[in-house]
Amino acid sequence: MKIKYSIGSLCFTLFGLGACLDDQSSLGNRELSEITISAPHDTLTAYFGEEFVVSHLSVEQSGEELPLAYEWSYGTLNTDEDGMASYPIKDSLHIVSHDPELKYAFRELGTFGLRLRVDNGETIRYKYFVLQVDTEFSEGITILSRDGDGKGRISFMRTLTKEEINTGKVPVFRTDIMELINPGTKMEDVTDMVQVNNRLLVCSGDAGRIYNMDSRTFDIEGMTSFKELYPGCAFVKFAGVSANNNIYLVSRDRRGYVYDYVLDELMLTEYFKDLDVDAAVSVDRPVFVNYETSVFYSPSLGGVTSSLNRYVDFNIWGICAVGSSVYVMATYKVMPSYIYLSQTTFSLGNPTILQFYDSPVSLKVNRNSLFAGSKSYSCLYYTCEDGIYYWDLKKQLSTTPVISIPVGMEITSLSMNPDGTLLYVGLHEKEGTEALKGHLYVYDVKTSTLISQYHNCLLYTSPSPRDAHESR
């Protein structure tokens, strides 16, 4: 009896397998109910982090309408020289749904094989799709803004295609990026943002935290606080990229820290432990400045290069990088009406004196001024209380602003697009009635004329524009 039972089980198993593979078989005297799956498209596109819905399928049964069980899964697309291989998915499958209608937010970029499995208890049918998971954040303007408590928000405005522009579509900022991509994550006390290769980094002040995300998707992959390791760290600004995936930061404890954005590690190098720095700019290598001593510092192999006494007779008020040069605005300590404009590099050799003259008006720059330089037009823009000033690097400084600020607004950020042709001005309307009190104005760098403006789209603005090359 034991032998008969085993043989009977084996026969039943083989029969069941045949029912799955051959829908033309019969069950007793009844034909199996064959499943047919059809769809208008075999190639689908989903956007990273956004709910993707597949609801256009037609699933029919040739016989009795039996209950259907669904399974949606995806995996690495399997291809050969003819295109999709006979079995379209290789490696393991990721099961994402058991509903007839797929609703799922994919969090991987790339091209995948998407599989639908439908089972009615008698037959099983499979339908395969080529799934492209893309990002709508590949080209446009990214803005970091913050509210009065320092809580951060990321907004993004996608660059429209020529076809979209021709149809009259208007670009708008998406202000729900964090809620969409990183639900439940709150960025605290944000102070600056920078993009390096495919990384988008946001630093915070008192928390000593760095948010490390994929620039193509805004997916936060690290948000380490370094307070336990360095209790004094409170980041103010990213200072510039160095070698080996390192980027420097200026901290409120007047130190320069080094962050490895691949390993997510922070370091305080030996040669920065005893240096006090107030600000920095990014050229070929970061250049730091101590305003009190009028000394510049630049990290070098195994140490730090100093400007020594080259600027000790001057009060340094502003520094700005333009191309591979650092431009310095200063006044003569003995005679403060004398303005000293010079140019140096990250090697901090003897500066080139551009202008040294007795000005009839006081210097319209202070240490809270914001700067943005353009190599394309050999100029830089800087802020003062009464507006935005323009400096042609071959001439003396302007005495009147070229851009006036709307009444009731204050400048919170100043930056340029990568090729230095557009000036982005972030403004905050303190007494505004809207929840989002931030505005963005875009100017032509060559003419200082207003090109476009976006209202009530931000919190407290700090824009960082990027193009397709920077964000991929």
Side-chain angles (χ1 to χ4, degrees), residues 1-136 180-181 183 217:
M1 292 297 294
K2 183 175 182 181
I3 294 175
K4 286 184 178 181
Y5 179 80
S6 299
I7 295 174
S9 298
L10 177 61
C11 292
F12 178 81
T13 302
L14 291 174
F15 177 81
L17 181 60
C20 292
L21 297 177
D22 184 2
D23 291 340
Q24 303 305 315
S25 302
S26 62
L27 186 62
N29 295 321
R30 180 170 62 83
E31 292 292 326
L32 298 180
S33 186
E34 180 183 352
I35 299 171
T36 303
I37 306 173
S38 59
H41 305 290
D42 292 330
T43 299
L44 309 174
T45 299
Y47 286 106
F48 181 94
E50 295 194 23
E51 186 178 76
F52 177 62
V53 179
V54 178
S55 58
H56 56 275
L57 295 175
S58 173
V59 179
E60 299 178 345
Q61 300 182 71
S62 62
E64 181 183 352
E65 292 292 326
L66 301 172
L68 297 174
Y70 293 81
E71 179 186 277
W72 292 92
S73 57
Y74 76 100
T76 304
L77 185 66
N78 190 19
T79 58
D80 54 28
E81 62 273 8
D82 298 322
M84 184 182 291
S86 56
Y87 185 71
I89 299 177
K90 61 182 178 181
D91 302 329
S92 59
L93 284 168
H94 305 279
I95 299 173
V96 296
S97 177
H98 288 94
D99 296 325
E101 183 179 86
L102 174 62
K103 294 182 178 180
Y104 186 74
F106 292 91
R107 302 188 70 86
E108 292 183 81
L109 291 175
T111 302
F112 303 93
L114 177 66
R115 189 190 79 172
L116 170 61
R117 180 183 186 272
V118 182
D119 180 1
N120 65 5
E122 294 182 359
T123 62
I124 298 174
R125 270 290 175 262
Y126 297 93
K127 175 66 178 175
Y128 291 92
F129 303 87
V130 175
L131 174 67
Q132 297 173 340
V133 183
D134 204 348
T135 172
E136 63 174 305
L180 174 68
I181 306 299
T217 64

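If you're wondering where the values come from, they're calculated on a predicted model, not measured in any experiment. The first residue of the sequence shown is numbered 1, and numbering continues consecutively from there.
Here Phe52 contributes atom CZ and Leu114 contributes atom CG; the two are 7.0 Å apart, rounded to the nearest 0.5 Å. From Thr135, atom OG1 reaches atom OH of Tyr47 across 9.0 Å, with rounding to the nearest 0.5 Å. Atom-to-atom distance recorded for Leu180:CG and Glu50:CD is 5.0 Å, nearest 0.5 angstrom. Tyr126 OH to Leu116 CG: the interatomic distance, rounded to the nearest 0.5 Å, is 10.5 Å.
Residues Arg125 and Thr36 form no side-chain contact, since every pair of their non-hydrogen atoms from C-beta on lies 4.5 Å or further apart.
Partner of Tyr128 under the side-chain contact (heavy atoms from CB on, under 4.5 Å) criterion, out of Ile37, Ile89, Asn78, Asp42: Ile89 alone. With Leu131 as reference, Leu44 is the one residue of Leu44, Val54, Thr45 to meet the side-chain contact (heavy atoms from CB on, under 4.5 Å) rule.
Although no hydrogens or angles enter the test, the distance criterion places a donor-acceptor pair under 3.5 Å between the side chain of Arg107 and the main chain of Ile181. With Glu122 contributing its side chain and Leu32 its backbone, the two residues share no donor-acceptor pair below 3.5 Å. A donor-acceptor pair under 3.5 Å is formed between the side chain of Ser33 and the backbone N or O of Glu64.
The heavy-atom pair separating His41 from His56 by the smallest distance is O-NE2, 4.4 Å. Closest non-hydrogen pair, Leu93 versus Ser73, comes out as CD2-OG, 3.7 Å. Residue Ala46 comes nearest to Phe106 through the heavy atom pair CB-CD1, 4.2 Å, listed as atom of the first residue, atom of the second, then distance. Closest of all the heavy-atom pairs between Glu101 and Trp72 is C-NE1, 4.3 Å. Shortest non-hydrogen contact noted between Leu77 and Thr111 is CD2-CG2, 3.8 Å.
With a 6.0 Å cutoff to the six-membered ring centre and a 45° limit on the axis angle, Lys90 does not count as a cation-pi contact of Tyr87.
The side-chain contact (heavy atoms from CB on, under 4.5 Å) search around Leu68 returns Ile35, Val59, Gln61, Tyr70, Val118, Asn120, not counting sequence neighbours.
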Between Glu108 and Tyr74, is a side-chain contact (heavy atoms from CB on, under 4.5 Å) present by the stated rule, with each step listed? CA-CA 11 Å; Glu108 292 183 81; Tyr74 76 100; 2.7 Å; yes

